[in-house]
Every structure is written in structure tokens, then in C-alpha cells.
Amino acid sequence: MNIKGIVFDLDGTLADSVIDIAESMNLVLKEQNLAVHKIDAYKQFAGNGIRKLVERALPEELKTGDTFTKNMNRMLEVYGENCINKTKLFPGVADLLDQLQEKGIKIAVFSNKVDDLTQKVVKVLLSNWDLAFVSGVSSTVGRKPNPQGALLAAEKMGFSPKEIIFVGDSGVDMETAKNAGMTGIGVLWGFRSAEELKANGAKAIISEATDLINHL
């Protein structure tokens with residue numbers, strides 16, 4: 001592959017964030033005496049943005065209307081305060097990013113996390129690396145699988161989508177890669193399965209972060 005740039009998903013790909021996500025949403029549920037969920041359940045709840053996560057975590061009767069909006073706003077508040085408590089880079093990610101920078105491969109991040117929280121997490125976890133572009137979901141950047149953020153990353157890097165790999169842990173990420181005209185590579189250390197990645201068009205699947213170097 002003649003790859004010049006890589007766009008990474010954040011949660012489940014670079015950042016092991018599931019504990020902070022789960023504990024924040026469970027706190028919102030506990031405040032209302034609602035049943036909480038196990039940490040592993042949040043690996044399925046996450047990946048499609050905070051609105052979808054809150055919807056999946058709430059009981060059926062609270063998934064719409066003003067009550068839903070209050071719960072979503074409360075989750076944004078709680079998670080905003082706790083999004084970097086226990087979140088850390090996955091094993092091997094730091095070494096991978098070091099190797100990519102040494103090879104002159106440009107790096108970007110596009111997340112379905114809201115943009116201000118994406119920027120907060122990236123500032124804490126990824127300040128050691130030169131990132132060409134970082135974006136979450138905002139009023140101007142749509143939620144994946146909308147490829148808008150990926151295409152903005154390509155524009156910022158100065159490369160065509162065909163020269164870029166999109167790396168993520170979910171089917172949504174692989175759809176985003178396809179929609180952007182990029183090569184989608186799935187990772188197995190994140191939140192979703194190999195079956196989901198394959199079903200949504202992953203061109204390759206890796207089990208360790210530094211395996212990505214072999215695809216360059």
C-alpha cells in the first residue's frame with residue numbers, strides 16, 4: 001500500500017475509555033434509581049455517539065421526550081467531568097504512533113464523541129504526537145458513518161482518500177472508511193467483534209497495534 005496518512009477512531013481504537021463511559025452513565029442511572037449495566041455492555045452501547053449510547057442504556061419508557069433529553073444532558077455533564085479519570089491508551093498504541101511519526105505518516109483522529117470531549121481526551125492522551133487533524137461530532141461535522149470528518153482530515157493532510165487508511169474498532173468505522181473512499185482496517189482490541197468488522201467492509205483486521213505497520 002502507498003499509504004501517506006491514517007485517520008484513527010478514538011474510543012476503542014486509540015483510547016480504552018469504556019470504564020469512564022460506563023461509570024458516568026451508571027451514575028446517571030443510579031441518580032434515578034434505575035438499573036445499571038455491566039462494563040462490558042457499554043462496549044456495545046458505545047460507538048454511535050452519546051445520544052445513541054444514552055438511548056441504549058435507558059429503559060424503553062425513557063428513550064424519548066423531555067426525560068430523554070434531561071438524561072442525555074446529564075450524561076454529557078457527568079462524562080465531561082470524568083472522561084479522563086481512567087481512560088488510557090491501549091497497549092502498543094504509543095509505540096505505533098512513534099513508529100508512524102518516524103516514517104513520516106500523518107495522523108488524524110475522527111471520533112463520534114462530541115467534539116469538545118474529543119479534544120479534551122486527545123489533549124491529555126495524545127499530546128506527545130503531532131496530529132494533523134482532530135475532530136469529534138459538532139454542528140459542522142456529522143456523526144459517522146457520515147465521512148465528512150474523514151474527508152476533512154484528508155484535506156488537512158493534503159492527501160487523496162485513496163492514500164489514507166481509516167482505522168477503527170466498529171462496523172461504523174468500516175462504513176465510514178468505505179464512504180470516504182479510504183481503506184478500512186479493523187482492530188480487535190476494542191469494543192466490537194471481527195464478524196462485525198468483516199461484515200461492514202474491513203479490508204484487514206489486526207489484533208495488536210504495531211501490526212498496522214505491516215500494512216504500510
Side-chain angles (χ1 to χ4, degrees), residues 1-18 43-49 52 89-113 118 122 125-126 129-137 141-216:
M1 290 183 181
N2 182 26
I3 296 302
K4 298 180 179 179
I6 300 178
V7 181
F8 287 98
D9 169 52
L10 183 59
D11 298 302
T13 302
L14 297 176
D16 186 357
S17 55
V18 69
K43 293 181 179 181
Q44 297 301 315
F45 294 168
N48 298 90
K52 184 60 70 173
L89 295 180
F90 281 104
V93 165
D95 288 341
L96 169 62
L97 296 179
D98 285 342
Q99 291 183 54
L100 293 175
Q101 298 244 278
E102 288 171 7
K103 291 177 179 293
I105 304 293
K106 291 190 178 181
I107 302 165
V109 174
F110 177 34
S111 174
N112 264 352
K113 193 191 296 290
T118 298
V122 166
L125 295 186
L126 298 171
W129 297 279
D130 182 21
L131 305 182
F133 177 82
V134 176
S135 181
V137 176
V141 178
R143 179 168 57 88
K144 296 180 289 186
N146 183 327
Q148 184 180 12
L151 294 173
L152 286 171
E155 183 180 330
K156 196 73 173 177
M157 290 176 178
F159 304 139
S160 74
K162 291 181 180 180
E163 297 174 302
I164 298 172
I165 288 174
F166 195 105
V167 179
D169 70 308
S170 72
V172 168
D173 293 317
M174 299 305 98
E175 288 182 54
T176 305
K178 184 167 51 180
N179 293 341
M182 299 176 180
T183 299
I185 292 185
V187 306
L188 292 181
W189 58 80
F191 299 163
R192 302 297 176 83
S193 67
E195 290 72 23
E196 178 178 325
L197 293 165
K198 290 176 184 176
N200 287 279
K203 299 302 182 184
I205 297 176
I206 58 176
S207 56
E208 295 184 11
T210 51
D211 288 347
L212 185 59
I213 295 296
N214 298 329
H215 291 276
L216 301 180

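Count residues from 1 along the sequence.
Atom NZ of Lys162 and atom OG1 of Thr183 lie 10.5 Å apart (nearest 0.5 Å). A distance of 7.5 Å separates CZ in Phe133 from CZ in Phe110, rounded to the nearest 0.5 Å. Considering CZ of Phe191 and CG of Asp169, their distance stands at 6.5 Å, rounded to 0.5 Å. Distance CH2/Trp189 to CD/Glu208: 8.5 Å, rounded to 0.5 Å. Taking CG of Leu197 as the start and CD of Glu195 as the end, the distance is 9.0 Å to the nearest 0.5 Å. Going from atom CG of Leu131 over to atom CE of Met157 covers 9.0 Å, rounded to the nearest 0.5 Å.
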inquiry  = Apply side chain to side chain contact (heavy atoms under 4.5 Å, CB included) to residues Leu100 and Ile213 and explain how you reach the verdict.
reply    = CA-CA 8 Å; Leu100 293 175; Ile213 295 296; 3.9 Å; yes
request  = Could you check Ser170 against Asp173 for side-chain hydrogen bond (donor to acceptor under 3.5 Å, both in side chains), going step by step and ending with a plain yes or no?
outcome  = CA-CA 5 Å; Ser170 72; Asp173 293 317; 3.0 Å; yes
request  = Any chance you could lay out the side chain to side chain contact (heavy atoms under 4.5 Å, CB included) test for Asn146 and Val141, step after step, and finish with the verdict?
outcome  = CA-CA 9 Å; Asn146 183 327; Val141 178; over 6 Å; no
inquiry  = Pair Asp98, Trp129 - check side chain to side chain contact (heavy atoms under 4.5 Å, CB included), show working.
reply    = CA-CA 8 Å; Asp98 285 342; Trp129 297 279; 2.8 Å; yes
Residues Asp95, Thr210; criterion side-chain hydrogen bond (donor to acceptor under 3.5 Å, both in side chains); working and verdict = CA-CA 7 Å; Asp95 288 341; Thr210 51; over 6 Å; no
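Panel note: side chain Glu163, backbone Ser160; a donor-acceptor pair is recorded below 3.5 Å. Under a 3.5 Å cut-off, the side chain of Asn179 and the backbone N or O of Pro145 do form a donor-acceptor pair. Of the possible polar contacts, one joining the Gln148 side chain to the Gly142 backbone as a donor-acceptor pair under 3.5 Å is found.
The local environment of CD in Gln101 is crowded, with over 12 non-hydrogen atoms from other residues, nucleotides or ligands closer than 6.0 Å.
Across all non-hydrogen atoms, the minimal contact from Leu125 to Ala15 is CD1-CB, 3.9 Å. Nearest heavy-atom pair, Thr118 versus Gly136, reported as atom, atom and distance to 0.1 Å: OG1-CA, 3.5 Å. Among all heavy-atom pairs drawn from Phe166 and Met174, the shortest one is O-CE, 4.2 Å. Heavy-atom minimum distance, Ala180 versus Pro161: O-CB, 3.1 Å. Residues Pro91 and Ala209 come closest through the heavy atom pair O-CB, 4.0 Å. Scanning both residues, Gln44 and Arg192, for their nearest heavy atoms gives O-NH2, 2.8 Å.
Residues that satisfy the side chain to side chain contact (heavy atoms under 4.5 Å, CB included) test with Val137, not counting sequence neighbours, are Asn112, Arg143. By the salt bridge (charged side-chain N to carboxylate O under 4.0 Å, His left out) test, Asp9 pairs with Lys144, sequence neighbours left out. Remark: Ala154 engages Ile164, Met182 in a side chain to side chain contact (heavy atoms under 4.5 Å, CB included) (not counting sequence neighbours).
Results of the side-chain contact (heavy atoms from CB on, under 4.5 Å) test with Ile6 over Ile185, Leu97, Leu212, Leu96 single out Leu212 as the only residue that passes.
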